[in-house]
Structures are given as structure tokens and as C-alpha cells.
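Both ligands and their constituent atoms are indexed starting at 1 by order of listing. All figures in this text were calculated on a predicted structure; none of them were measured in a lab.
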Amino acid sequence: MKFDILTLFPEMFGALEHSIIKRARDAKKIEINYVNFRDYTKDKHRRVDDSPYGGGAGLVLTAQPIVDCVEAIDPKRMARRIFLTPAAPVLTQARVRELAKHEHLILLCGHYEGVDQRAIDLCIDECISIGEYVLTGGEIPAMALVDAIARHVGGVIKAESVDNESFSVEGRHEHPQYTRPREFRGLGVPEILLNGNHAEIKKWRA
Ligand code: ADE
């Protein structure tokens, strides 16, 4: 599965260079590319933002570099194109599972006060928020989305872990976990987990 992340700040994506996501990339189970859409601006000063029509604080990302960039990396419109924005439906585990079925995702990270609506109208399929709070840009939301989707790509993590966690998200609470030592600061481990009766343990965990 391929992710193309359109961002003005590719250096922010260090979180995707470690642990499970790094291993998945090394094993070619997922591919992640960062595309700085500033490279597509036709502005002679390399600007990608401007003040909003109608006035108001802050700057708005202009449509041209974004649209040209998306069209350059997906000329046949094969990819699912997503814009990360707080003004959108909030991501759910069910949506993550659906998105994981796509071969190619393009994630557009906004910044400043927003993106010219024509960029969204011309080249975005879906807007996604990762929660009802406002971050300074779409980079952290894009990392969260890649991480959540990558878990569902075959072989990235054990199938059992994917299934277990999807249950817990859909209403069943995940049970508490314990590991060694058997006693820590005076606190023990529930006896049932120690007796090897797997039927009983399953009931306890449900
Ligand atoms: N950009 C800024 N805040 C965001 C959020 N909560 N979700 C997605 N993109 C965002």
C-alpha cells in the first residue's frame, strides 16, 4: 500500500521512521513518500499562501501548487485523496478499516488558516478530522492516519492483534493486562490468569 503525503514540512514525519511502521516500510509492505507541494508553486517567490478574499486573519494555502502536485502524482485519478482538516467527520476505526482496502492514498496536510476551497473541490475525495480539537497543521493527523491504516495492511502486525483491538473499539472493553513480576509494589496478578485454565481466562477477559 502506498501513501503519498503532501506537506510543507516533510521533516515533521520522524514518527513514521521507527518501530512497527519502520519495519513495515523496510519489508515493503507499505511505502510512504513525502511530497513538498511548495516544489509545484508557479509563484516567483515560491509562495504557497495568500491572504483570504473577504478579509480575515491569517493566510490561506493557494489552490495552484496543491492541484498541480496532486495531478502530477496521480494523473489518472486512481488514488483515494484525503484532506486532513478539523472541519470534517471524525475518523473511526470502521473508516480506518475501509481506507486500508485502497492501494494508494494521497494525504494533504493543511496549514495556516486553511486551503482555498477550489483545491478541495478539484482534487480531494474526502475530508477527515482526527478529533474535535484544532492542531496547527495536518501533519500529526496524517501520521495518526497512516499508523492506524498500516496496522490493517497484511503482515504489518499479527492478525490476532488487529482483530482483538477492533473488538475493543467497537464497544467491548479491552481487559487489563499483566506481565512479570507476579508482584509489583504489593500488587499481585489476578489468580485466574495464573492457573492455566484457558476457558476461564477467556470468560474473565470478556
Ligand atoms: N488539522 C488541524 N487540526 C486537525 C484535526 N483535528 N484533524 C485533522 N486535521 C487537522
Q. Using a side-chain heavy atom cutoff under 4.5 Å and only I, L, V, M, F, W and Y, what cluster partners does Leu122 have?
A.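 Besides Leu122, the hydrophobic cluster comprises Val67, listed by chain and residue number.
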
For the pair Thr41 (side chain) and Pro65 (backbone), establish whether a donor and an acceptor sit closer than 3.5 Å, ignoring hydrogens and angles. no

- [ ] Please assess Leu108 against Val70 for the test side-chain contact (heavy atoms from CB on, under 4.5 Å), listing each intermediate value before the final yes or no.
- [x] CA-CA 9 Å; Leu108 171 64; Val70 171; 5.9 Å; no

Check ligand 1 for N or O atoms under 3.5 Å from a protein N or O and list each pair with its distance.
unit_1   : atom_1 : unit_2 : atom_2 : d
ligand 1 : 3 (N)  : Leu135 : N      : 3.0
ligand 1 : 6 (N)  : Gly131 : O      : 3.2
ligand 1 : 6 (N)  : Tyr133 : O      : 2.8
ligand 1 : 7 (N)  : Ile130 : N      : 3.0
ligand 1 : 9 (N)  : Thr85  : N      : 3.1

Please determine whether a side-chain nitrogen of the Lys or Arg among Lys22 and Asp26 lies less than 4.0 Å from a carboxylate oxygen of the Asp or Glu.
yes

Contacts satisfying side chain to side chain donor-acceptor pair (under 3.5 Å) that involve residues 1-15 (not counting sequence neighbours) are Asp4-Asn33, Asp4-His104, Thr7-Glu139

- Set of residues satisfying side chain to side chain donor-acceptor pair (under 3.5 Å) with respect to Glu113, sequence neighbours excluded: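 For Glu113 there are no side chain to side chain donor-acceptor pair (under 3.5 Å) partners, ignoring immediate neighbours.
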
